[in-house]
Asker: 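Quick one: the structure is below, and I'll ask about it shortly.
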Amino acid sequence: MAIEIPKSPEELPTTSPRFVGKNVNRIEDPGLVAGTTEFIDNFSLPGMLHCAILRSPHAHARVVKVNADAAAQLPGVEAVLTGEDIKRWCNPATTSPEGWGTYPMAVDKVLFVGEPVAAVAASSRYVAEDALELIEVEYETLPVVKDAREGLKPDSPVLFEQHESNVIHDRTHIWGDVDKVFAEADHVIQEKFRWNRCGANPMETFGCVCQWDVIQDNLTCHGSYQTPGFIGLGRSASLNLPSNKIKVVSHPHGGSFGGKGGPRGTDIASLLSRKANGKPVKYIEDRMEYLTAGGGQSWDRYYDASIAVKADGTVTGFKVDLLDDQGAGAEGYGTISVAKPLAAFTGCYRIEAAKYSLKLVATNRAPTYPYRGYGPPPHNFVLESLMDKAARSLQIDVAEIRRLNYIRPDQFPYTIPSGNEYDSGNYEAVLDKVLDMADYKKMREEQAKAQAEGRLVGIGVASTVEPGVFDWNAYATVGVPGVGVPEGVKVSIDILGNITVTVGFSLEGQGQYTLAVQIVADYFGVEMDAVRVAYAATDVAPPHFGPGGSRLGVALSGAILGACKKIEEKFRIVAAGLMQCEPEHMELMDGLMRIKGVPGAEMPIAAVAGAMLARSDLLPPGMEPCPEATYVWTAPGRNEPDDQGRCKSYLTAANATHVVLVEVDRDTGFTDILQYFIVDDCGTRLNPSTVEGQLQGGVAQGVGAALYEEYVYSDDAQPLASTFMDYLLPTVSEVPITEKGEVVTPSPFTPLGAKGCGEGAIHTTPAVIVCAINDALSPLGVQVRETPASPNRVWNLIQQAQQ
Amino acid sequence: MKPAPFEYYAPESVEEVVSLLEKLEDDDVEAKVLAGGQSFMPMLSMRVARPEALVDLSKLSELDYIREEGDVIAIGAMASKSDAEDSALIQAKQPLLHAATKYIGHRQVRNRGTVGGSFAHADPAAEYGAVATTLDIQMKIVGPDGERVVSADDFYVTFLTTDIDSTEILTEVRVPVLPAGTGWAFQEMSRRNGDLAMAGVAVTLRLDAGKCSDVRISVFGVNATPVRCTDAEQLVNGQAPGDDVFSKAGESAAQFIDEPIADVHGSADYRRQLVNVLVARCLAEAVTRV
Ligand SMILES: Cc1cc2nc3c(=O)[nH]c(=O)nc-3n(C[C@H](O)[C@H](O)[C@H](O)COP(=O)(O)OP(=O)(O)OC[C@H]3O[C@@H](n4cnc5c(N)ncnc54)[C@H](O)[C@@H]3O)c2cc1C
């Protein structure tokens, strides 16, 4: 039977929602503030050993010999793992496209600095690290592929010898008559861009405690897992265990942003446990390991892109040529980051035709992983920079050229050339509101004054779409199978009317447990205190995926509402029996099952649940005494991609426009962010303060990408940013406090009308900051085309201008 | 990221420290002293420093003081940088040192990090280096042969290396009170608030009948040790303050720097440019404070 899920808060069975849509306090916070939340490093098991990993100092080398005898002899050492064990017990990582993964530890060749070559489990991390120093590894260094451009050359060394080239994926998508729109354009605006490698840096690195039950051949992995079910499946493939014999327990984790990685660490700790006769083994990745070889590197890109523009500023075509440095293979699913832009390829604009040429290349840099937003943040930086360049050459205001090209409110649902369908939006209303908040006209006047004094002051305006609620079909073009991402919950009401929601994901920071409680409390008319969220490990949880791709708020809402609805249906039958009427005359409202139109004929849901569990004699015949329900939600209407990769992928399209004012110091190239305004539209705001938090966090990471963060590599592919002294995360001093406003255009397709908004401002911030810097630099005739716009880089440009 | 094994000692007096260091040296045991650990603990954890013995100075409360001795402010090596930052004495009588202190890391780092540690560690990007050469700070060093006093110019030897011998410790830094009528300025450029500087400048000067005099300019973050830019000082001495002369001084200082450090944050040319700009800006700022 189809379950009807409320499409707006007004459809909830309550006179007026008390929690949904309100700034309720997060139930996660007391534990975080008091320090009682159990992060993985606080967790231990009896007899637990500690793992340390020996890593390659070379970017490309043959491993000739590993001698770990002396390490094994060191008192306190209980197991040593080398490539020999790995070859015997493991399979290489599965990847999309297939065949670009390595073993979790080098077996014959190392492909990047930091790749594991041996590991030790010992009584403490100290002893384990001492033991690493006793392991002798003989390397025979090989020529290095330092970046994607080198990797493409015909005489380049090859990383994966079975493939004969370093090209992982080479494809051109054509959507619409691109040649025609470019031929008919009045202007073609073209530019090259370099987005340097940056990525996720959660406060907590990856960690796990793995225990291999050598009697039952079961594996249990506790860890800071973002997507426990997915990790379990991957381990089944890599460790040769049936998937139902691996239990993954996700602990609350200190952020993830896609960078938690964990496959290698989990495989290594698991096999050490197996070697140590089933003693649990803890592995906590340290920050240097994280920065050089963890899951925190993404988006290493060279772009050559152009837009076709009519004389009046209408943009008709968009071509992107992308060369993407995947690093040492595709184990981290960095490939999906180039597929994701299909979900919003043409941004907010009515661009009719587009072309996307992709080359993904393996190099001796660390493998790349997903990062908040996946691929669009660099893609948006490219598109928005081109919009600005067009505006400048046509002498149109940067806000107005965007307005001119926006998809109009009456055009939704709107199918973009790359195939995805946008649910709803009102881009012009968002723009107007943010221009108003910023007092854009006055801002321009002030800028003119400053420029007259010789100051380099610039304004950025950038508009983007944030695809929300990812679906696997969005990544079909790089070989990811499947349509649909099921997320399931169980809602149980106990004999006293207290409610538990069982979910398959753990705390990560976005406040989803609070959201779960808000919805259930409004649905059943109880206080939030009466609802508890329980985490279920992969062995007992309903089908689930967890946070990722701006999906969980929407998916979780759908799952919870579905389960609540199923319980409501049961309660209708039970209460009707108890109250001697027909089920269709019963309704749930404000926590009461009541007979429609009969004042006072009602009973609280606790009483219905109590009767179900304690009075079988009163239940209708055949009624299962079970006041609980499981519901698994997946986005409706998703379909298989066509031959150009076109499909309905991401369910929602949130929208934002940012306006920022910066000043560049002419003498030093430093950028100062003076003012920052945001208006966004993510449909119904289920918990406005959570939305604001997600936005502000995205701003922080966007500021990082625009101005600070870069994984620098030397010419021999040695990582030069291996500590936080060199990989610079913006801190509270660097991230502006933004002024935020909202427009609400509910999604017609989602539970409660909410849109995915978890990734938020990172879609827009890098673009708008660089656009603002370019506005500031435009009197000098130079433009930033490379991120981050570090002071040294900007100063170099200013120097160029003065020559 | 865990230190290699070491022996640990925590003596309670300077005398004990020195005799312990001497004994360890006699026994051929490589020893290092540990103060606030803000630089040394990471080096231990990364195993780039691996002494066989660690002599922890944290029990030397005798070195935890900041006091006025005539026209000198005497700061015990174990006084924390937060204490220096909060000291009304330093703020009133040696504002240059006070200003520089606030640039050292973040408050948390200054809470644990000691004043002595910042001098002894001799990081090229340490603010105190340029303050020392500008103000001619005197370092009191105690060893088996007793006490000696070294001036800033002789103290800094090279990258992370000072004149302190392996059996000696720094016990006190002696900072002259800023004479009345002296203008000062301290500026640096770092990528983020609290980062080690790519370049920084400390300046003091006086005005004598409308002309600059007693100009001292030191630069840090660009070479292994702090650099006094004597050419630039000469350019300004005897001149009326003005943008022109100050920017010439900046250019001169920039040229004076031999092979500036280059790293992922800034090239050698870029650092030279920062010196150029900061020297000019500091001179202009110092004049306003005379
Ligand atoms: C996040 C962060 C940011 C920082 N930013 C800056 C900055 O902007 N500017 C800056 O200058 N520093 C910075 N530092 C370094 C910090 O200031 C250190 O505190 C300082 O360099 C050393 O002081 P300490 O007491 O911690 O010494 P320790 O780290 O304990 O020791 C440092 C070295 O000095 C030696 N030493 C210490 N005391 C003595 C003594 N009395 N006699 C002889 N030798 C001694 C030790 O043997 C060791 O070699 C930063 C550190 C961090 C963690």
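Chain A is the first sequence line, chain B the second, and so forth, proteins listed ahead of strands; every chain is numbered from 1.
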Asker: Give, as side chain, backbone, both or neither, the part of A:E129 having an atom under 4.5 angstrom from any heavy atom of chain B.
Answerer: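 For A:E129, backbone and side chain are both near chain B.
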
Asker: Flag yes if more than 12 heavy atoms outside B:E259 fall under 6.0 Å of its CD atom; otherwise flag no.
Answerer: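 Counting neighbours around CD of B:E259, 12 or fewer heavy atoms of other residues, nucleotides or ligands fall under 6.0 Å, so no.
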
Asker: Just so I understand: if I count every heavy-atom pair under 4.5 Å between each of A:P730, A:A52, A:P791 and chain B, which residue has the most?
Answerer: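 Ranked by heavy-atom pairs under 4.5 Å with chain B, first place is A:P791.
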
Asker: Any chance you could measure A:R793, atom CZ, to B:Y270, atom OH, to the nearest 0.5 Å?
Answerer: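 With rounding to 0.5 Å, CZ (A:R793) is 12.0 Å from OH (B:Y270).
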
Asker: Looking at B:R289, I want to see if its CZ is surrounded by more than 12 non-hydrogen atoms of other residues, nucleotides or ligands under 6.0 Å.
Answerer: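 Yes, because the 6.0 Å sphere around CZ of B:R289 holds more than 12 heavy atoms from other groups.
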
Asker: Checking A:Q799 against chain B: side chain, backbone, both or neither under 4.5 Å from a heavy atom?
Answerer: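 Looking at A:Q799, nothing touches chain B.
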
Asker: Looking only at non-hydrogen atoms, find the nearest pair between B:N193 and A:S733 and report the distance.
Answerer: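 Closest heavy-atom pair between B:N193 and A:S733: ND2-OG, 2.8 Å.
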
Asker: Out of curiosity, A:L728 CG to B:H265 NE2, how far, rounded to the nearest 0.5 Å?
Answerer: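 That separation rounds to 4.5 Å.
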
Asker: Salt bridge or not for B:R281 and A:D667, using N-O below 4.0 Å?
Answerer: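 Yes.
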
Asker: In terms of heavy-atom pairs under 4.5 Å with chain A, which of B:P5, B:G194, B:P42, B:A4 leads?
Answerer: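 Among the listed options, the one with the most contacts to chain A is B:P5.
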
Asker: Is B:R192 reaching over with its side chain to a backbone N or O of A:L729, donor-acceptor style, under 3.5 angstrom?
Answerer: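 Present.
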
Asker: Please determine whether the number of non-hydrogen atoms from other residues, nucleotides or ligands lying under 6.0 Å from atom CG of B:D243 exceeds 12.
Answerer: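 Atom CG in B:D243 is not crowded, with 12 or fewer foreign heavy atoms closer than 6.0 Å.
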
Asker: Measure the OG-CZ distance between B:S45 and A:R287 for me, rounded to the nearest 0.5 Å.
Answerer: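 B:S45 OG to A:R287 CZ: 14.5 Å, rounded to 0.5 Å.
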
Asker: Using a cut-off of under 4.5 Å for heavy-atom pairs, which of A:N796, A:T731, A:D726, A:V732 has the most such pairs with chain B?
Answerer: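 Among the listed options, the one with the most contacts to chain B is A:D726.
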
Asker: Please classify the contact of B:L278 with chain A as side chain, backbone, both or neither, using a heavy-atom distance under 4.5 Å.
Answerer: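 Contact with chain A involves no heavy atom of B:L278 at all.
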
Asker: Taking all non-hydrogen atoms of both residues, which atom of A:F670 and which atom of B:R191 are closest, and how far apart?
Answerer: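 The answer is CE2-O, 4.2 Å.
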
Asker: Should the heavy atoms of other residues, nucleotides or ligands under 6.0 Å from CZ of A:F724 be counted, would the total exceed 12?
Answerer: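 Check passes, neighbour count above 12.
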
Asker: Below 4.5 Å from any heavy atom of chain B, which atoms of A:D665 appear? Answer side chain, backbone, both or neither.
Answerer: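 The answer is the side chain of A:D665.
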
Asker: Inspect the contact between B:R47 and A:D130 and indicate whether a charged nitrogen and a carboxylate oxygen are less than 4.0 angstrom apart.
Answerer: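 Judged by the 4.0 Å cut-off on N to carboxylate O distance, A:D130 and B:R47 do form a salt bridge.
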
Asker: With a 4.5 angstrom heavy-atom cut-off, is it the side chain or the backbone of A:Y708 that approaches chain B, or both, or neither?
Answerer: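 Both parts, backbone and side chain.
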
Asker: Check whether B:D195 gets within reach of chain A through its side chain, its backbone, both or neither, counting any heavy atom under 4.5 Å.
Answerer: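 Answer is side chain: those atoms of B:D195 sit under 4.5 Å from chain A.
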
